[in-house]
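Below is one structure, written out as structure tokens; comments come after it.
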2 protein chains.
Amino acid sequence: MKLITKRADYAIRALCVMAKNGQRMYSAFELAKKLKIPGPFLRRILQILNKRGVLKSYKGQGGGFILALQPDNIFLIDLIEIFQGPVKLNECLFKAKICPSISTCILRRKVDEIEKFVVSELSSININSLLN
Amino acid sequence: MKLITKRADYAIRALCVMAKNGQRMYSAFELAKKLKIPGPFLRRILQILNKRGVLKSYKGQGGGFILALQPDNIFLIDLIEIFQGPVKLNECLFKAKICPSISTCILRRKVDEIEKFVVSELSSININSLLN
DNA sequence: CAAAAAGACACTAATATGGTATCATTCAAA
DNA sequence: TTTGAATGATACCATATTAGTGTCTTTTTG
Ligand code: FES
Ligand code: FES
């Protein structure tokens, strides 16, 4: 079971680097080299973060990416949802008649609890938390 | 993010049916028909449950599968680990220098907490819980 | 013996994830 | 004003995981 995919992982790492030096602009390849991860892949990730308003981008020579938000306002839950979709664990499995009912099903209640816990834990971490 | 795959799902459903009528023997195809899921696929799943000691099997005409354990002794965590491997969410992501240290890393602590919670919730449900 | 079952295992199909390649566009600097 | 360094957009390929099938062997009962 994977909680955090590579895309989200790389995004987190890149944002951490950028947050350490908040004013500087970084090109995708510069960051990729620093983090030792594939350049084109990271580039696409940063483009997505730009579209989602986490980064600002500047084209042309001397351009690159820079944080659009304060590091303590970028939460892990958001990054994970950007790259992995919403945290939905309760895709009701027992469509068959076995499941007693949607309102009483124990399994569903438990899965909902797990989902809430995951979301709340991931909501409590931001990029700044990871820098101490 | 998928918490429970089809294999585990089907296993749970099949075990629920079998638990309702604990003494009876069911062939893989009979169960598959009842649950409206693919026969050969369920058959492989039951074979695995047999190998893992959750079911007993009997070959030959009139043979089939029957529970090897009491329904309240078959836990969801075990079924999930059989079909999806151990619940390990903490595959350390920050191998790079970004992560401060394995002992202080906030992210790691949080992921460990999530993992513990998932395991404990899934350990609290058994096949019997699902039959009320 | 014949039919009905599981055992074993190789194989295919679908999906998700990880990653590349290419061309167009923008912009700064020579 | 040309050139090169950057992103924007998008199609594509590679790999892994999950889902599912097919087939042949073995066992058992009638
Ligand atoms: S499994 Fe979905 S309501 Fe019971
Ligand atoms: S991410 Fe693994 S110890 Fe910090």
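Nothing here was measured: the structure is a model prediction, and the numbers come from that model. Letters go in sequence order (proteins before strands), and every chain restarts at 1.
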Take V118(A) and I114(B), measure what side chain to side chain contact (heavy atoms under 4.5 Å, CB included) needs, and give me the verdict at the end.
-> CA-CA 6 Å; V118(A) 170; I114(B) 292 175; 3.7 Å; yes
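- Rounded to whole Å, atom P of dG18(C) lies 12 Å from atom CZ of R44(A).
- In this structure, the CE atom of M1(B) is 16 Å from the C1' atom of dT18(D), given to the nearest Å.
- A sub-4.0 Å separation between OP1 or OP2 of dA6(D) and a side-chain N or O of S57(A) is absent.
- Between D112(B) and K116(B), no side-chain nitrogen of the basic residue sits less than 4.0 Å from a carboxylate oxygen of the acidic one, so the salt-bridge criterion is not met.
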Might you work through the side chain to side chain contact (heavy atoms under 4.5 Å, CB included) test for Y26(A) and N21(A), ending with a clear yes or no?
-> CA-CA 10 Å; Y26(A) 289 90; N21(A) 202 336; 3.5 Å; yes
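- Comparing dT17(C), dA19(D), dG7(C) against the side chain of Q47(B) picks out dG7(C) as the nearest.
- For K2(A), the listed nucleotide lying nearest its side chain is dT17(C); candidates were dG8(D), dT17(C), dG7(C).
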What string of B, S and - do you get for nucleotides 24-30 of chain D, 5' to 3', when a contact is any protein heavy atom under 4.0 Å?
-> --BBBBS
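- Between dG18(C), dT7(D), dA8(C), one nucleotide has an atom nearer to the side chain of S27(A) than all others, and that is dT7(D).
- Taking atom CE on M25(B) and atom C1' on dA5(C), their separation rounds to 9 Å, with Å as the unit.
- Counting any heavy atom pair closer than 4.0 Å across all strands shown, K51(B) reaches sugar-phosphate atoms only and no base atom.
- Looking only at side-chain heavy atoms (C-beta outward), L130(A) and L107(B) come within less than 4.5 Å of each other.
- By the 4.5 Å heavy-atom criterion applied to side chains, R24(A) and I66(A) are not counted as neighbours.
- With distances taken from any side-chain atom of P40(A) to the nucleotides dG20(D), dT17(C), dT20(C), the minimum falls on dT20(C).
- If you measure from atom CG of L46(A) to atom P of dG8(D), you get 9 Å, rounded to the nearest angstrom.
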Can L79(B) and L49(B) be said to form a side chain to side chain contact (heavy atoms under 4.5 Å, CB included), step by step?
-> CA-CA 8 Å; L79(B) 299 174; L49(B) 288 174; 3.8 Å; yes
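- Contact between the side-chain N/O atoms of T5(A) and the OP1/OP2 oxygens of dA16(C) is not found at any separation under 4.0 Å.
- Here the C1' atom of nucleotide dG19(C) and the CZ atom of F29(A) are 12 Å apart, to the nearest Å.
- Atom NZ of K6(B) and atom C1' of dA14(C) are 11 Å apart (whole Å).
- Rounded to an integer number of Å, the gap from CG of N50(A) to P of dT10(D) is 14 Å.
- Contact annotation for F65(A): backbone-only contact, meaning every heavy-atom pair under 4.0 Å involves sugar-phosphate atoms and none involves a base.
- Around the CD atom of E113(A), the shell of radius 6.0 Å holds more than 12 heavy atoms that belong to other residues, nucleotides or ligands.
- If you check every strand for non-hydrogen atoms under 4.0 Å, Y10(B) touches sugar and phosphate atoms only.
- For the pair F41(B) CZ and dC11(C) C1', the computed distance is 14 Å after rounding to whole Å.
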